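All values reported here derive from a predicted model rather than from experimental measurement.
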Amino acid sequence: MMSASAAIPPLTSLLSPGEPPAVTVVKPEGTSDFVLVCDHASNAIPRSLDHLGLSENELASHIAWDIGAAGVALQLAERLDAILVLQNYSRLVIDCNRPLHADDSISTSSEWTTIGANENLTEAAIASRVSTVFQPYHAQLQQILDQRKREGRASLLIALHSFTPNYRGAARPWEISIMYHRDARLAKTLLKLLARDKRLVVGDNEPYSVSDESDYTIPVHGEARGIAHVGIEIRQDLIADKVSQATWAGRLSSLLQQAAKEMAGT
């Protein structure tokens, strides 16, 4: 039985005693068909990496995490009674939504910021981040989906992200974006439902989309398994506090439940 903080222990000493594991599982006994994941939930840096040489302001910014996404995900998990898998370390340590061969798996720069501590890493240093953060997170999600399959339970994978309202000086008009690749079943249903609200500016695979080269979670845990899935991006200025996070969690709860019913033909 998984606990609310279920995790696979790291294989190296990148994490110091008392630091959280790479992954937290919330509502492991959730009854919903939805499986929620948040790849960039935290801006935490293991103490052994000394903040990666970045300032507190830099680590608080969008370069280090998906601001507001975890808050929305936690409230959405409550509303849906759904299991939620949270990744507990910054994308700057290692990006858990990038293939390991991707250039930005361990980024040396993000927007205007150089991450000098990530330059010229040894193979051992890279392997430490993979075994401590990347592998435990994805192994936990794989374990959850495998267990649900053995139990004959349906799974709808929802990857929750957020995006900065301005990137390299360009304003982004979208308030929410739906992301998908080869399997658009859930995405197209959600886009149809979102189109009914004329107040919303909705992105269809923009400002980001899903591909095998730029993404890991949806291609591996969604597409490769053949389960319905979608990536959802919300603009960060719209989910900056608990009240706005609750508003968006309520909106997404309704939309996702409607989409699931339409897909099931009920």
- Message: Can a side-chain donor-acceptor contact be found between H138 and H221 if the only test is distance below 3.5 angstrom?
- Response: yes
- Item | Flag for Y137-D39: side-chain donor and acceptor within less than 3.5 Å | yes
- Message: What's the separation between atom CZ in F163 and atom NE2 in H62, rounded to the nearest 0.5 Å?
- Response: 12.0 Å
- Give a yes or no on whether a salt bridge exists between D66 and R91, defined as a side-chain N under 4.0 angstrom from a carboxylate O. yes
- Would you tell me whether D95 and H40 have side-chain atoms, one donor and one acceptor, within less than 3.5 Å of each other? yes
- Message: Test: side-chain hydrogen bond (donor to acceptor under 3.5 Å, both in side chains). Region: residues 70-79. Which pairs qualify, not counting sequence neighbours?
- Response: none
- Task: Ignoring hydrogens and angles, state whether a donor on the side chain of N118 or T108 is under 3.5 Å from an acceptor on the partner side chain.
- Result: no
- Basic-acidic side-chain contact under 4.0 Å: R225, D146: yes
- Task: Can you measure from OG (S105) to CD1 (I94) and round to the nearest 0.5 angstrom?
- Result: 4.0 Å
- Message: Side chains of S107 and D104: any donor to acceptor distance under 3.5 Å?
- Response: no
- Hey, is R172 close enough to D237 for a salt bridge, meaning N to O under 4.0 Å? no
- Query: Would you say L190 and I239 are hydrophobically clustered, going by side-chain heavy atoms of ILVMFWY under 4.5 Å?
  - Reply: yes
- If you measure only the distance, is there a donor-acceptor pair under 3.5 Å linking the side chains of S61 and E58? no
- Message: Looking at E262 and K192, is any side-chain nitrogen of the basic one under 4.0 Å from a carboxylate oxygen of the acidic one?
- Response: yes
- Message: With no hydrogens and no angle check, just 3.5 Å: does a side-chain donor-acceptor pair link D204 and Y180?
- Response: yes
- Charged N to carboxylate O below 4.0 Å: is that the case for D212 and R182? yes
- So, S211 versus S214: side-chain donor-acceptor pair below 3.5 Å or not? yes
- Query: Between D81 and K27, is the closest basic N to carboxylate O distance under 4.0 Å?
  - Reply: yes
